[in-house]
Amino acid sequence: MIPFDICLLGDSLLTPDQYALLCLLVGMATVLGLIIVVKANAFLALIAAAMVVSLMADGPIQDKFSRVASSFGGTAGGVGIVIALAAVIGKCMLDSGAADRVVRAFMSIFGEKRSPIALMGSGFVLAVPVFFDTVFYLLVPLARSLFRKTQKNYLLYVMAIATGGAITHTLVPPTPGPLVVADQLNVDKGLMILIGATIAFPAACVGLWFSSLMNRWMPLPMRPLGAEPEPEAIPDDKLPSLWLSLAPVLLPVILISTNTVLTTMADAERAAQLRPGDIADWAAFRQRIQQGASAEGEGTNFGKHVIATIRGDGADPEREALASLLLQDGSLNDGQKEAALDRLNQYLLVDKSFPKNQDAFLGSKLSSTAVSLSRKPIARMSPVEAERMNRETLESVYGPEVLKRYVWNTRKRELANITSMLGDANFALLLSAVIAMWTLAIQRQFSLKELASSVEVSLMSGGLIILITAAGGAFGAMLTVANVGDAIQHMFPIGSDVSSAKLLILFLGFSIAAVLKIAQGSSTVAMITSSGMLVSLASPEVLGCHPVYLAVSIGAGSLIGSWMNDSGFWIFAKMSGLTEVETLKTWTTLFLVLGTTSFLLALLMAVVMPLT
């Protein structure tokens, strides 16, 4: 096994950061080489790259490949159900005519003169649960029908469809790319939906404006797509109602977003923080800390650990002031107690590594809640969870006679707990899938056997997406094991200036995703790989803003550079009847505009509304 601290490669010595970056380069070369040169399936390329990186990374040799499988299973467990159900919803909406009803509703609202807005809006809504290529297949016949009526604006029509479908496909879950990015960066899926849609809508409007410019510069005619006649439109009386058609799209958005709102309100209470009167016996509290701080031994006493955690690296004078306040002789006045509480909340309760992942911490038996929270990966732990973990630890050590029990299940938290169940993405998508299947059965008068056959077809297509996303998650996890995120962080002056760090990391996520998209063509692969590389930077403390903006920046970058290695490029070209050169001028530049606009909006919101 290659030692990770100092690695000898030929005649040159590599530092840990250099070796981590070497692991990254080898992993990326494996992915790109297998996809571009060997033409391998993305699943095989990603899982092979994960194994290569795991083999190079530090750790016991017997765990090199088993941890890849474990990470694969973890990602599949997090997103597999949602992706499978989204595939079922999309197929059922198409077969039942629900998707067609949504499109016609947009057309009736906006009218023929504003048909580009209707096409863009239809693509925008339908691409949330339905994959982009399916949305484009669905809407292109409508664009061709409109051109036959108006004899103008054909390019505008097809670019409007591409605009609406592509932007939500890369920014709004439950499509696989943004779903996995949110999962890897520990971003609440409801918040990802809200912020992703908030950024996607104005970006789509800019894309529609750009499409109208291209339509004036390149007034292309509609060309025949072969010998087959255009499909006949389904009569309105054969389509489901609008609300029934929209239910599979709106229901999960409403449930997940409601859970996000109520959970945010409950988290804002910061119920686990120390408040005046919570420390029932200040003398005993400080005495235990002082005894531990003066005890012999390295880190074997709880009080010693508390002081060490408060002091940190010793460079912050306020941290030193709190340590001195707790260690000084004599009693504290009310002002000193208030100041101590504020700083304990600021420096001690937010520490994410406090209990060290064990049932007994430095001789003190921990509560089940503290143990459960301590086992959560640090990168996925929110500040509120850290406060609760540390408050439970303090109460386990000091007991109720020194530190009063706090009330976690407030009225808001109880409501949030209920919506956490109903707003779970797996449950919400299951309800939507049931509605979509029921709609298909009654509209097409399917027997149970026919319905099961239709669902099976959708699950087969969704299965491949699950394999690719889970393999990408395993690749990202192995990059984390190889300390790639830390190496990237050390390359840049991140942390000295919060605002500059924010801009730099968001730009880094955008750029990495763009380079990967240009190189291998898949937005989903670009998003998964980029988020895996940057997961160690995805915390408010490092970013200076909520990680959702990093997730959106990665999604925006995955739009950049769509060209001939992207399947979407060929779908747009062949279904629209455009040549390769015309597609490069229209599709590729449109995606450049959409990606750049989305990224700039993410930067603006991160500065104006950081959500920290």
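Values below: all heavy atoms of this structure, side chains included; hydrogens, waters and symmetry mates excluded. The model shown is predicted, which means the values in this text are computed figures rather than measured ones.
Atom-to-atom distance recorded for S245:OG and R101:CZ is 6.5 Å, nearest 0.5 angstrom. The OG1 atom of T529 sits 7.5 Å away from atom CG of L479, with the distance rounded to the nearest 0.5 Å. A distance of 6.0 Å separates CG in L578 from CZ in R223, rounded to the nearest 0.5 Å. Once rounded to the nearest 0.5 Å, the distance linking OG1 of T75 with CD1 of I466 reads 12.0 Å. Atoms CG and CG, on L85 and L429 in that order, are 5.5 Å from each other to the nearest 0.5 Å. Atom CG of L537 is separated from atom CG of L185 by 9.5 Å, given to the nearest 0.5 angstrom.
Using bins of under 30°, 30° to 60° and over 60° for the plane-to-plane angle, the ring pair F510/F507 lands in the tilted bin.
Taking each heavy atom of T263 and S420 in turn, the nearest pair found is OG1-OG, 4.0 Å. Scanning both residues, L156 and S212, for their nearest heavy atoms gives CD1-N, 3.6 Å. The two residues L191 and T260 have their closest heavy-atom pair at N-OG1, 3.5 Å. Residue L220 comes nearest to Y154 through the heavy atom pair O-CB, 3.9 Å, listed as atom of the first residue, atom of the second, then distance. Of all heavy-atom pairs between Q184 and G532, the closest is NE2-N, 3.2 Å. The heavy-atom pair separating V53 from M478 by the smallest distance is CG1-O, 3.5 Å.
Two residues are said to be in side-chain contact when any heavy atoms from C-beta on lie closer than 4.5 Å; F427 and L422 meet this criterion. Taking the side chain as every heavy atom from C-beta outward, K517 and S562 approach each other to under 4.5 Å. Here the side chains of P178 and L171 are not in contact, with every heavy-atom distance at 4.5 Å or above. The shortest distance between side-chain heavy atoms of F210 and T589 falls below 4.5 Å. The shortest side-chain heavy-atom distance between L611 and C545 does not fall under the 4.5 Å cut-off. Side-chain atoms of M533 and L24, non-hydrogen and from C-beta on, do get closer than 4.5 Å to each other. R144 places none of its side-chain heavy atoms less than 4.5 Å from the side chain of F147. A 4.5 Å side-chain heavy-atom check between D100 and M93 finds every atom pair outside the cut-off.
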Considering only distance and modelled atom types, tabulate donor-acceptor pairs under 3.5 Å from the side chains of residues 592-601, sequence neighbours left out.
{"residue": "T596", "atom": "OG1", "partner": "L592", "partner atom": "O", "Å": "2.8"}
{"residue": "T597", "atom": "OG1", "partner": "V593", "partner atom": "O", "Å": "2.7"}
{"residue": "S598", "atom": "OG", "partner": "L594", "partner atom": "O", "Å": "2.8"}

Tell me which donor-acceptor pairs under 3.5 Å the side chains of residues 115-122 have, and how far apart each pair is, sequence neighbours excluded?
{"residue": "S115", "atom": "OG", "partner": "E112", "partner atom": "O", "Å": "2.9"}
{"residue": "S122", "atom": "OG", "partner": "A118", "partner atom": "O", "Å": "2.8"}

Only pairs under 3.5 Å count here: list side-chain donor-acceptor contacts from residues 29-46, not counting sequence neighbours, and write none if there are none.
{"residue": "T30", "atom": "OG1", "partner": "V26", "partner atom": "O", "Å": "2.7"}
{"residue": "K39", "atom": "NZ", "partner": "I36", "partner atom": "O", "Å": "3.1"}
{"residue": "N41", "atom": "OD1", "partner": "F43", "partner atom": "N", "Å": "2.7"}

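Between the side chain of S531 and the main chain of V181, no donor-acceptor pair closer than 3.5 Å is present. Under a 3.5 Å cut-off, the side chain of S558 and the backbone N or O of G555 do form a donor-acceptor pair. Under the 3.5 Å distance criterion, the side-chain polar atoms of S108 are matched with a main-chain donor or acceptor of A105. The backbone N or O of A474 lies less than 3.5 Å from no partner atom in the side chain of S71, so there is not a single donor-acceptor pair.
Evaluation of the side-chain contact (heavy atoms from CB on, under 4.5 Å) rule for V172 yields V128, T168, I193, A197 as partners, not counting sequence neighbours. F572 is linked by a ring pair (Phe, Tyr, Trp, His ring centres under 6.0 Å) to F136, W587, counting only residues two or more places apart in sequence or in another chain.
Between S553 and the options I505, L508, L506, a side chain to side chain contact (heavy atoms under 4.5 Å, CB included) holds for only L506.
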(message) Evaluate L431 against L255 for side chain to side chain contact (heavy atoms under 4.5 Å, CB included), listing each step before the verdict.
(response) CA-CA 10 Å; L431 288 181; L255 289 176; 4.1 Å; yes
(request) Could you walk me through whether M218 and T586 pass side chain to side chain contact (heavy atoms under 4.5 Å, CB included), step by step? (result) CA-CA 9 Å; M218 296 175 57; T586 55; 4.0 Å; yes
(message) Between I195 and I199, is the side chain to side chain contact (heavy atoms under 4.5 Å, CB included) condition met? List the steps.
(response) CA-CA 6 Å; I195 298 299; I199 290 174; 4.0 Å; yes
(message) Run the side chain to side chain contact (heavy atoms under 4.5 Å, CB included) test on T583 and W563 for me, step by step, so that the C-alpha distance in whole Å, both residues' side-chain angles and the decisive distance to 0.1 Å come before the verdict.
(response) CA-CA 8 Å; T583 306; W563 62 299; over 6 Å; no
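For residues 173-185, the set of pairs meeting the salt bridge (charged side-chain N to carboxylate O under 4.0 Å, His left out) definition, not counting sequence neighbours, comprises D183-K189, D183-R380.
The number of heavy atoms from other shown groups lying within 6.0 Å of CD1 (I81) does not exceed 12. For CZ of F201, the number of neighbouring non-hydrogen atoms (other residues, nucleotides, ligands) closer than 6.0 Å is 12 at most.
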